[in-house]
Amino acid sequence: MNETRIDLGPLREQLRKPRSQLKGRQASPQARAEVQALIGLAPAAGHRRDLLIEHLHVLNDHYRGLFERHIVALAAEMRVPVVEVFEVASFYHHFQILRDDESAPAVTVRVCDSLSCALAGANTLLAQVQRDVGSAVQAVAVPCLGRCEQAPAAQVGQQAVAQATPERIHALLASQSTQPLALPHAIRYEAYKQTGGYQLALQVSAGLKDPERILQTLESSGLRGLGGAGFPAGRKWRIVRSQPAPRLMAVNIDEGEPGTFKDRTCLEADPHRFLEGVLIAASVVGCEAVYIYLRDEYHEARVLLTQELAALRADPPCALPRIELRRGAGAYICGEESAMIESIEGRRGEPRLRPPYIAEVGLFGRPTLEHNFETLYWIRELVEQGADGFASQGRHGRHGLRRFSVSGRVRQPGVKLAPAGITLRELIDEYCGGMAEGHTLYAYLPGGASGGILPARLADVPLDFDTLQPHGCFIGSAAVMVLSQHDSARDAALNVMRFFAHESCGQCTPCRVGTDKAAQLMAAPVWDAETLQDLAQVMGDASICGLGQAAPNPIRCVLDHFAHEVSAGEEGSPRCARDDETHAAQSDNTVASRGQGDDGDVGVRS
């Protein structure tokens with residue numbers, strides 16, 4: 001029998017040779033040169049992996065999008081797989097991935113469609129802008145821009161537009177005004193030092209202030225985390241301080257909760273009060289490096305903070321830890337502490353499972369002190385003036401002060417520094433000039449999108465940690481959005497549920513599928529209460545992080561307090577809340593109307 005023999009020697013020899021290049025698409029010399037021109041040549045140790053998102057921002061800003069050729073070239077420069085760069089870039093809303101044969105928009109106009117802006121007519125504004133701008137301009141609806149007191153809010157390129165109108169947006173486009181606005185009233189470094197700024201940080205750094213006394217002051221004051229979770233600040237410092245060095249610090253200014261804008265307001269006014277709080281915390285806890293994570297929508301604040309950090313480094317008042325400013329990229333989930341840490345490390349912002357907790361294993365695997373901006377903003381005042389003055393504030397048996405972000409149907413929206421435990425009725429009357437003209441109080445969201453919705457008859461409940469839970473709500477970041485008789489709670493709930501569906505990171509099925517399914521069910525004229533309650537139970541019990549766990553709150557609140565809006569009447573049609581006896585009783589117990597207002601786009605009832 002004839003045999004056919006194949007000599008496998010040459011094939012084996014070829015397989016033993018190393019490949020001259022990796023499989024897949026290769027980076028072109030031109031694309032690599034373009035990337036190198038923007039991020040610089042790789043140092044001897046290579047580009048830092050945790051700077052991936054920062055490099056993506058540089059490319060996205062320069063080319064107004066991320067072209068595939070640059071993604072491939074960046075992967076080659078950083079020596080990471082192309083798929084890894086792509087999966088990070090595709091996770092964040094502000095990175096626009098483009099094919100090489102596509103054209104990037106000349107300018108992107110972003111119009112906020114979250115609740116407060118929708119009440120002020122954002123949907124109509126967006127439709128008018130999309131109709132009138134040319135094909136080179138991209139106009140899109142986006143989640144909360146953190147400017148709810150300026151509703152409707154928009155951004156033209158990187159320039160914020162307060163009380164936006166089509167005319168103002170067209171004027172900015174015509175003049176090509178797309179860069180961040182200056183902040184002339186901000187307190188700069190030298191002015192801050194002239195009023196005693198950084199003297200406390202110097203004393204703490206030099207050992208002239210006992211760290212134990214500072215910890216006792218924080219504990220006695222009752223200061224809690226003011227980003228939403230409310231964990232006692234002093235206890236957190238002790239926990240991290242007890243962990244082995246090196247310890248790190250991460251500051252969360254990813255203020256993405258719809259209705260919240262207090263951190264931006266304070267940062268744009270007095271950045272060094274915050275930075276001194278950072279230095280005191282880092283010194284007491286023993287953190288060798290600080291990472292400040294600032295949401296990408298705050299372009300003006302980023303420019304200011306970059307300038308003031310440079311001034312601080314050029315003339316340091318005391319020994320400074322390494323401070324790095326990191327830029328978010330449009331992901332609400334990165335307000336969750338472990339998702340923020342993932343993002344700082346240059347990855348997708350997906351929450352981690354616990355334990356371990358980040359106080360033990362956090363940023364880069366090290367014990368990490370994580371704080372919200374406002375918590376640190378309070379530190380200098382608390383330590384200088386003592387705990388008693390702060391703790392003596394408050395109403396209705398509560399203690400301390402809170403900054404409330406108030407928006408919606410009030411005459412004077414804005415950040416209100418008020419006693420903890422103040423009621424919604426007192427807050428509107430004493431700090432907001434009353435309700436807007438033609439509006440009476442119907443409902444309110446006490447803690448942003450995730451904090452639930454309460455009717456006017458509960459406007460005398462103290463606003464503080466632990467006071468709202470019996471009513472199915474929580475204070476969170478103290479973002480108060482006020483609705484009137486012209487609005488409906490069901491449409492407000494649908495607005496925030498669509499927000500949650502848009503912002504779910506997709507890591508866990510209960511949140512990813514549950515928020516989308518809930519939004520579909522909530523769009524029906526009559527709600528399927530049984531199915532929605534079941535869905536709410538699953539999301540609350542099985543979601544990994546607070547987004548999915550809190551997303552059911554608007555569902556439950558509407559079913560508990562506003563069932564007349566979503567149930568069928570005698571003839572099978574949904575009842576109008578205006579005609580419901582419950583609403584009539586609530587309307588008798590309203591805050592007096594003052595000022596000017598309009599019906600906006602959300603839930604306007606005839």
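- When atom types are taken as modelled, the side chain of Tyr377 and the backbone of Leu275 share no donor-acceptor pair closer than 3.5 angstrom.
- A distance of 8.0 Å separates CD1 of Ile292 from CE of Met249, quoted to the nearest 0.5 Å.
- Annotation: side chain of Tyr444 is not in contact with side chain of Leu483 (no heavy-atom distance under 4.5 Å).
- Atom CZ of Phe231 has more than 12 neighbouring heavy atoms from other residues, nucleotides or ligands inside a 6.0 Å radius.
- Remark: Lys416 NZ to Cys432 SG distance equals 5.0 Å, nearest 0.5 Å.
- Proximity of a side-chain donor or acceptor of Glu297 to a complementary backbone N or O of Gly330 within less than 3.5 Å is not detected.
- Scored by the side-chain hydrogen bond (donor to acceptor under 3.5 Å, both in side chains) test, Arg326 finds Asp50, Glu324 as partners (sequence neighbours excluded).
- Between Phe364 and Tyr291, the gap from one ring centroid to the other is short of 6.0 Å.
- A donor atom on one side chain and an acceptor atom on the other are not found under 3.5 Å apart for Gln155 and Arg147.
- With respect to the salt-bridge test (charged N to carboxylate O, under 4.0 angstrom), the residues Glu288 and Arg322 do not qualify.
- Within a 6.0 Å radius of CD in Gln176, no more than 12 heavy atoms belonging to other residues, nucleotides or ligands are found.
- For residues 100-127, the set of pairs meeting the ring-ring contact (aromatic ring centres under 6.0 Å, His included) definition, not counting sequence neighbours, is empty.
- When only modelled atom types and interatomic distance are considered, Ser477 and Thr260 share a side-chain donor-acceptor pair under 3.5 Å.
- Between the side chain of Glu370 and the backbone N or O of Glu337 there is no donor-acceptor pair closer than 3.5 Å.
- Atom CG of Leu172 sits about 5.5 Å away from atom OG of Ser177, to the nearest 0.5 Å.
- In this structure, Val109 and Val133 have side chains that are not in contact, with every pair of non-hydrogen atoms separated by 4.5 Å or more.
- Partner of Phe91 under the side chain to side chain contact (heavy atoms under 4.5 Å, CB included) criterion, chosen from Arg347, Glu350, Glu342: Glu350.
- Atoms CD1 and CZ, from Ile475 and Phe404 in turn, are 5.0 Å apart once rounded to the nearest 0.5 Å.
- Between the side chain of Glu300 and the backbone N or O of Ala160, at least one donor-acceptor pair lies under 3.5 Å.
- Gln130 places a side-chain N or O within donor-acceptor distance of the main-chain N or O of Ala139, the cut-off being under 3.5 Å.
- The main-chain N or O of Pro143 is never found under 3.5 Å from a side-chain atom of Ser114 such that the two would form a donor-acceptor pair.
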Working for side-chain hydrogen bond (donor to acceptor under 3.5 Å, both in side chains), residues Tyr198 and His272
CA-CA 8 Å; Tyr198 289 111; His272 289 283; 2.7 Å; yes
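- For the residue pair Tyr192 / Glu276, a side-chain donor-acceptor distance below 3.5 Å is found, with atom types taken as modelled.
- The shortest distance between side-chain heavy atoms of Phe499 and Pro258 falls below 4.5 Å.
- Remark: Leu376 CG to Leu226 CG distance equals 9.5 Å, nearest 0.5 Å.
- Arg352 contributes no side-chain N or O that, together with a main-chain N or O of Ile358, makes up a donor-acceptor pair within less than 3.5 Å.
- Figure legend: Arg264 and Phe261 shown without cation-pi pairing, the cationic atom not lying both under 6.0 angstrom from the six-membered ring centre and within 45 degrees of its axis.
- The distance from atom NE2 of His47 to atom CD of Glu77, rounded to the nearest 0.5 Å, is 5.0 Å.
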Apply side chain to side chain contact (heavy atoms under 4.5 Å, CB included) to the pair Val85 and Met78, showing each step before the final yes or no.
CA-CA 9 Å; Val85 178; Met78 297 191 69; 5.8 Å; no
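- Glu336 places a side-chain N or O within 3.5 Å of a backbone atom of Ser338 that can act as its donor or acceptor partner.
- Using cut-offs of 30° and 60° for the angle between ring planes, the Tyr332 and Phe500 rings count as tilted.
- Under 4.0 Å is where a charged nitrogen must lie from a carboxylate oxygen, and between Arg498 and Asp113 no such pair does.
- Remark: Arg273 fails to qualify as a cation-pi partner of Trp378 under the 6.0 Å distance and 45° angle criteria applied to the six-membered ring.
- Under the 4.5 Å side-chain criterion, counting only non-hydrogen atoms from C-beta, Leu445 is not in contact with Val480.
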Before giving the answer on side-chain hydrogen bond (donor to acceptor under 3.5 Å, both in side chains), spell out for Gln138 and Thr108 the whole-Å C-alpha distance, their side-chain angles and the decisive distance to 0.1 Å.
CA-CA 5 Å; Gln138 177 179 246; Thr108 295; 3.0 Å; yes
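- The backbone N or O of Tyr63 lies less than 3.5 Å from no partner atom in the side chain of His70, so there is not a single donor-acceptor pair.
- Exactly one residue among Asp263, Asp254, Asn252 makes a side chain to side chain donor-acceptor pair (under 3.5 Å) with Asn372. That residue is Asp263.
- Between His486 and His439, the angle of the ring planes goes over 60°, which puts this pair in the perpendicular group of the 30/60° scheme.
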Chi angles and distances behind the side-chain hydrogen bond (donor to acceptor under 3.5 Å, both in side chains) call for Glu257, Ser450:
CA-CA 8 Å; Glu257 183 74 31; Ser450 55; 3.1 Å; yes
Could you go step by step and tell me if Glu102 and Glu68 meet the side chain to side chain contact (heavy atoms under 4.5 Å, CB included) rule?
CA-CA 10 Å; Glu102 288 185 294; Glu68 290 177 346; over 6 Å; no
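- For Gln30 and Glu34, the side-chain atoms include at least one donor-acceptor pair closer than 3.5 Å.
- No donor-acceptor pair closer than 3.5 Å links the side chain of Lys236 to the backbone N or O of Leu369.
- Within the 6.0 Å centre-distance limit, the rings of His93 and His502 are counted as a close aromatic pair.
- Residues Arg327 and Asp61 are paired through a salt bridge, judged by an N-O separation under 4.0 Å between the basic side chain and the carboxylate.
- A donor and an acceptor atom, one from each side chain of Glu268 and Tyr298, are nowhere located under 3.5 Å apart.
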